[in-house]
Amino acid sequence: MKLLKWIFGGLGALILLVVVAVIGMALADSRIDYDVSTDGVDIPTYATVEIPFDQSNDFSTAHPFAAGAIIDIDNDGTEELFLGGGPGQSDGLFRFTDASFERIDVTGIDKATEVASFGASVIDTDGDGRDDLLVSRTDGVWLHRNLGGHFSSEKLPLDIPDNTTPMSVGVADLNRDGHFDLFVAGYIRLDLVEGQNIFNKKGYGGSSRLFMNRGDNTFDDVTDQAGLTYAHNTFMGIFVDVDEDGFEDLVVAHDTGQVRTWKNQGDGTFVNRVNPNSKVYSYPMGIAVGDYNNDSRVDFAFSNVGGTPPDFMIRGDLTDDQVSNWKWLLFKNKGNFAFEDAADEAKIADYEFSWGMTFEDLNLDGRQDLIVSENYIGLPPQKLPFLRAPGRLLIQNTQGEFAAVGKEAGVVNKRYSISPIVADFNGDGYSDIVHVNIAGRSQAFISEGGNNGFLKVKLPNHASSIAAIVEVTLIDGSTLTQPFVSGEGLCSDPSHIMVFGLGQSRVSDVAVKYLDGTRAERNGDFRNQLLAF
């Protein structure tokens, strides 16, 4: 009897020790990993607003993702919010009025009860000047055309492999025929999942496909001809002109793998170019796109599992000689399709498990900041809210370093956030933030404004605008640039209205360089206004 008491007493002590250790690791995980100066930096502040939408995806019947997108449904210049529903739940559309979000009843955005909406992209697919909606669901990719007050509902005839679930779509007009083409990022069907850390099993994973529009919203699968054939679980791909040669390149985030940077060779084919993540193994998931260091080249940040899970838990089937990197990634564009991982230099490498990431100048000082979604419903410790990460709001200082200021700013989201998306809902020029949450209610963080100036630039929301570069020249001769992209974060699409932070300066010139070679310019004296091209 004494022996049994000793054994069970020892087991109880061991369990208690493990629990204490897990709690200690989780609390340490949420601490700020860097001491970054915010001297002379404006920290924006926000009011928290609940969005009346309790997303139903609990990870048991669908992959743990949810669509989020910004769309102007009535073409009045004020943008609305789309949120994808989980199994047994409708999608939702919401309008921000009187400091709150209210649900909008619009017909035509329908889905089958049992499916989930994983990804969303907003683009004018038919050139009528209205925002249409592309939604990736368990059962395929759906086009909801905006007919003015209501939508149509059409499942696109895409030949997606039977073992693959479409997670998101990257949109571009690759052959310059005026019609939207699609890169469909594919993940293995839920019932075929064999594990979450399989790196090496040949042929395992979903199949991502490239589809060219024939002009009538039927499509040719040109994946093989384009050199993009592979089988690997993929979250998303974004078309952007990396090397300024006038062609849309393709940046792709793989699960359990590497970031892929595919160079468009201009002849309908792509080649996988080496990047800082090509020879190591990671969990790149979300993608942020922007010129964070103001050198007129587009840069990328990628989420990763960070320091949250221990190495033994996530190495999976990697061999001893296969090098891993669990840190966040920041690809500084050096030109000529060369990148440097500047995450350590920028003080963002050593944070926790993350999902979607978005660049945005939140304090309008002319420098891109970074918003990050966090927490994983599949991690047992994070079942408890107090053990979850806060989500990160990182403001860039004058040294090019990012300071975590979420608490000071009032942006804390200890829910299961998949992606941040941004839009100026209250019209003050400062971008507001939505954390798209699964298995619970999404949250918005509405800016309380400030004294810095802005310029908003709106291009035609058409596939022909994808990867165009907008260059803003300030009165002192300095420039700010942004690419026009469809999709950012994770399987989501923020506002396509570009916001340039001016600080106390003004704008003298705005130039738009489209990939078809055309150029549009405006000259004047601009501040705190929107320019529509």
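Ion pairing between Arg145 and Asp132 fails under the 4.0 Å rule for side-chain N and carboxylate O.
Side chains of His435 and Ser373: a donor on one and an acceptor on the other come within 3.5 Å. Side-chain atoms of Asn275 and Thr261 form a donor-acceptor pair, as typed in the model, at a separation below 3.5 Å. Asp98 and Ser100 share no side-chain donor-acceptor pair at under 3.5 Å.
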Which atom pairs, one a donor and one an acceptor, fall under 3.5 Å between side chains of residues 183-205 and the rest of the protein, sequence neighbours left out?
unit_1: Tyr187; atom_1: OH; unit_2: Asp255; atom_2: OD2; d: 2.6
unit_1: Arg189; atom_1: NE; unit_2: Asp191; atom_2: OD1; d: 2.7
unit_1: Arg189; atom_1: NH1; unit_2: Asp162; atom_2: O; d: 2.9
unit_1: Arg189; atom_1: NH1; unit_2: Asp162; atom_2: OD2; d: 3.2
unit_1: Arg189; atom_1: NH2; unit_2: Asp191; atom_2: OD1; d: 3.4
unit_1: Arg189; atom_1: NH2; unit_2: Asp191; atom_2: OD2; d: 2.7
unit_1: Glu194; atom_1: OE1; unit_2: Lys201; atom_2: NZ; d: 2.6
unit_1: Glu194; atom_1: OE2; unit_2: Lys201; atom_2: NZ; d: 3.1
unit_1: Gln196; atom_1: OE1; unit_2: Tyr376; atom_2: OH; d: 2.2
unit_1: Asn197; atom_1: ND2; unit_2: Met313; atom_2: O; d: 3.0
unit_1: Asn200; atom_1: OD1; unit_2: Gln322; atom_2: NE2; d: 3.0
unit_1: Asn200; atom_1: ND2; unit_2: Asp317; atom_2: O; d: 2.9
unit_1: Asn200; atom_1: ND2; unit_2: Gln322; atom_2: OE1; d: 2.9
unit_1: Tyr204; atom_1: OH; unit_2: Glu194; atom_2: N; d: 2.9

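With sequence neighbours excluded, no residue forms a ring pair (Phe, Tyr, Trp, His ring centres under 6.0 Å) with His462. In this structure, the ring pair (Phe, Tyr, Trp, His ring centres under 6.0 Å) partners of Trp326, at least two apart in sequence or on a different chain, are Tyr283. Among residues two or more places apart in sequence or in another chain, the salt bridge (charged side-chain N to carboxylate O under 4.0 Å, His left out) test is passed with Asp224 by Arg209. Ser354 pairs by the side-chain contact (heavy atoms from CB on, under 4.5 Å) definition with Ser303, Trp328, Met357, Val372, Glu374, not counting sequence neighbours. Residues passing the salt bridge (charged side-chain N to carboxylate O under 4.0 Å, His left out) test with Asp311, sequence neighbours excluded: none. Among residues two or more places apart in sequence or in another chain, the salt bridge (charged side-chain N to carboxylate O under 4.0 Å, His left out) test is passed with Asp91 by Arg137. Scored by the side-chain contact (heavy atoms from CB on, under 4.5 Å) test, Arg176 finds Phe247, Glu248, Leu515, Asp516 as partners (sequence neighbours excluded). Judged as a side-chain contact (heavy atoms from CB on, under 4.5 Å), and not counting sequence neighbours, the contacts of Val499 are Glu360, Leu364, Ser431, Phe454, Lys456.
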Q. Under the side-chain contact (heavy atoms from CB on, under 4.5 Å) criterion, do Asp424 and Ile497 qualify, and how do the steps go?
A. CA-CA 9 Å; Asp424 182 11; Ile497 297 175; over 6 Å; no
(Q) Working note: Asp220 + Arg214, criterion salt bridge (charged side-chain N to carboxylate O under 4.0 Å, His left out); need CA distance, chi angles, decisive distance, verdict. (A) CA-CA 7 Å; Asp220 291 315; Arg214 295 175 182 142; 2.8 Å; yes
(Q) Between Glu352 and Lys327, is the salt bridge (charged side-chain N to carboxylate O under 4.0 Å, His left out) condition met? List the steps. (A) CA-CA 8 Å; Glu352 54 276 316; Lys327 297 182 178 183; over 6 Å; no
(Q) Could you walk me through whether Tyr416 and Arg388 satisfy the side-chain hydrogen bond (donor to acceptor under 3.5 Å, both in side chains) test, starting with their C-alpha distance in whole Å, then the side-chain angles of each, then the deciding distance to 0.1 Å, before giving a yes or no? (A) CA-CA 9 Å; Tyr416 298 115; Arg388 296 177 197 155; 3.2 Å; yes
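Proximity of a side-chain donor or acceptor of Ser207 to a complementary backbone N or O of Ala231 within less than 3.5 Å is not detected. Side chain of Asp361 to backbone of Gln368: no donor-acceptor contact under 3.5 angstrom is found.
Evaluation of the ring-ring contact (aromatic ring centres under 6.0 Å, His included) test over residues 64-115, restricted to residues two or more places apart or in two chains, returns Phe53-Phe94, Phe65-Phe235, Phe65-Trp355, Phe96-Phe101, Phe101-Phe425. Applying the side-chain hydrogen bond (donor to acceptor under 3.5 Å, both in side chains) test to every pair with at least one member in residues 62-80, sequence neighbours left out, gives these pairs: Glu79-Ser495. Sorted by first and then second residue, the ring-ring contact (aromatic ring centres under 6.0 Å, His included) pairs involving residues 137-181 (not counting sequence neighbours) are Phe180-Phe219.
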